[in-house]
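Structure first, commentary second.
Just the heavy atoms: all of them, side chains too, but no hydrogens, waters or symmetry mates, feed the values below. The structure displayed is predicted, hence computed values, not measured ones. Naming convention: chains lettered A, B, ... in sequence-line order (proteins, then strands); numbering from 1 in each chain.
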There are 2 protein chains.
Amino acid sequence: MEYSDKQLQILDVAERLFAEHGFDGASVRDIAKDADVNVAMISYYFGSKEKLLEALFIRRVSEIRLQIENTVQNNALSPMDKIYQLVDTYIERMVNRQHFHKLVVREQMLRKESPVCMQIIETKKKNQELIRSIIKDGQNQGAFKNDVDVPLMMTTMIGTANQLITTQHIYRELNNLQDMPEEIFQENLKKKLSQHLKTIFKAILTYEA
Amino acid sequence: MEYSDKQLQILDVAERLFAEHGFDGASVRDIAKDADVNVAMISYYFGSKEKLLEALFIRRVSEIRLQIENTVQNNALSPMDKIYQLVDTYIERMVNRQHFHKLVVREQMLRKESPVCMQIIETKKKNQELIRSIIKDGQNQGAFKNDVDVPLMMTTMIGTANQLITTQHIYRELNNLQDMPEEIFQENLKKKLSQHLKTIFKAILTYEA
DNA sequence: GTTTAAATTAAACGTTTGTTTAGTTTTGCA
DNA sequence: TGCAAAACTAAACAAACGTTTAATTTAAAC
């Protein structure tokens, strides 16, 4: 799908407003206003508000799909390093696309049967298979434990990252970081989160229970 | 605050519908219908939809506050066992009050400056202080590492639990558990989650990085 | 039994919602 | 230049929204 500048503008604004106020909380008029287009253009281009949400998801999900396919091709890396690289890819993506991931957090618990949710599930399945294959390699090499719960491991990675990203204003307050400049805070977030998840994964994958 | 049966009915239905469709997605008419009361009764009792949400939060937050104060009083337990007990308390609460915790997940990222969010932050601060004191004990006894990031640790606990609870239908599908009876699945959820988080916490608190 | 307050109702209030219409302007091509 | 298609607009649409009103029923107190 190729979009004009105006369509992209609508998609970007919608993504932000949906993330900030929720799908039902952001009106098409608000979106049109912020995107500097007439209200009717949203129906004209995307059909409906619901379809706008779907289009928005398709855009990001295909972006993610490309990233997944290009991830961890380097066979020179050890299984553990592959996992580490995957963690960094994940964090980078989630921090860089915060608005979208807030949307995901909400929509995956609301519209359980919608096309939007189907896309999320498909993407998770792909991700899970990728991780599972890496872990199997590690187990065959004797580097990893044999009983690893991959879905739970993913849940911790995604859950921890989501929690930190969606409630970063609370995290700032709990750590007295209100005065830290936004950009530096974001970089700190990535670094801390990355190190934290790697420690956890190392424990899950290698230490005996 | 003491509520009549009818008021409690409204609060329960509102909690469920807010969790299922979001605050803006659930109308006062839907709530009134499901709670078997006239629409006007909601304004009559609670003042407004927004105030209804606040009342709902106050009810659960005070419930949680009581739980926190009664937690980990047993000084015979080792620091690690205290942490373990805290994890179980947390999971038990979140699984038993799923609707409310879905609400928390959403509202803590939307209404950043609202009274509702203030309550969440206050509760988190209390929780954090409790955990911090336990960890300090463990460090003084030489049982725990000295560099423990308590907020990040909490983020992983809450984030993992939230992620698993709010997307349990996806978790079921990823693990081919669609046919497992609901009740058994919920029990499994608690057990798995408990064991998983304890493993992680043990690693974070004791193994050297 | 009468009185007063609380509980409850159906209806209406004024907004806002997402979407459509009908008309106008702009664009690209012959 | 002329013309059809696409882009765009302001206005109107019906439906749904949260809330209020005014009237009625129920409950409690004296």
Please tell me whether A:Glu54 and A:Gln119 have a donor and an acceptor in their side chains that are separated by less than 3.5 angstrom. no

Can you find a side chain N or O atom of A:Ser27 that sits less than 4.0 Å from OP1 or OP2 on C:dT16? no

Given DNA chain D, 5'-ward residue of the pair A:Tyr45 and B:Ile42, judged by closest heavy atom: A:Tyr45

Please classify the nucleic acid contact of B:Ser43 as base, sugar-phosphate, or nothing, using heavy-atom distances under 4.0 Å. base

Within 45° of the six-membered ring axis of B:Phe23 and under 6.0 Å from that ring's centre, is NZ or CZ of B:Lys49 located there? yes

Least distance between heavy atoms, A:Ala35 atom then A:Gln9 atom: O-NE2, 3.2 Å

Nearest to side-chain heavy atoms of B:Lys49, which nucleotide of D:dA7, D:dT19, C:dG18: D:dT19

Between B:Leu17 (CG) and D:dG18 (P), how many Å, whole number? 12 Å

Could you work out which one of C:dT8, D:dG18, D:dA10 sits closest to the side chain of A:Ala40? D:dA10

Pair B:Tyr3 + B:Tyr45: ring centers closer than 6.0 Å: no

Nearest to the side chain of B:Lys6, heavy atoms from C-beta on, is which of C:dT8, D:dC17, D:dT19? C:dT8

Atom-to-atom span, CE of A:Met41 to C1' of C:dT19 - whole angstrom: 14 Å

Rounded off to whole Å, could you give me the CG-to-P distance for the A:Asn38 and D:dA12 pair? 14 Å

Between D:dA7, D:dG18, C:dT19, which one does the side chain of A:Val28 approach most closely? C:dT19

Please report the distance, rounded to the nearest Å, between CD in A:Glu50 and P in C:dT17. 17 Å

Check whether the side chains of A:Gln7 and A:Glu2 place a donor and an acceptor atom closer than 3.5 Å, and report yes or no. no

From the list C:dT8, C:dA12, D:dA7, which nucleotide is the closest neighbour of the side chain of B:Arg29? C:dA12

Would you mind reading off the distance between B:Lys33 atom NZ and D:dC17 atom P, rounded to a whole angstrom? 11 Å

Please report the distance, rounded to the nearest Å, between CD1 in A:Ile31 and P in C:dT17. 11 Å

Whole-Å distance, B:Asp36 CG to C:dT8 P, equals 12 Å

Would you indicate which nucleotide in D:dT9, D:dT19, C:dT8 comes nearest to any side-chain atom of B:Val39? D:dT19

Hey, does B:Ala32 reach any base, or is it just sugar-phosphate, or nothing, if we go heavy atoms under 4.0 Å? nothing

Hey, is the side chain of B:Tyr44 poking within less than 4.0 Å of OP1 or OP2 on C:dA7, counting only N and O atoms? yes

Separation of atom CZ in B:Phe46 from atom P in D:dT19, rounded to whole Å: 13 Å

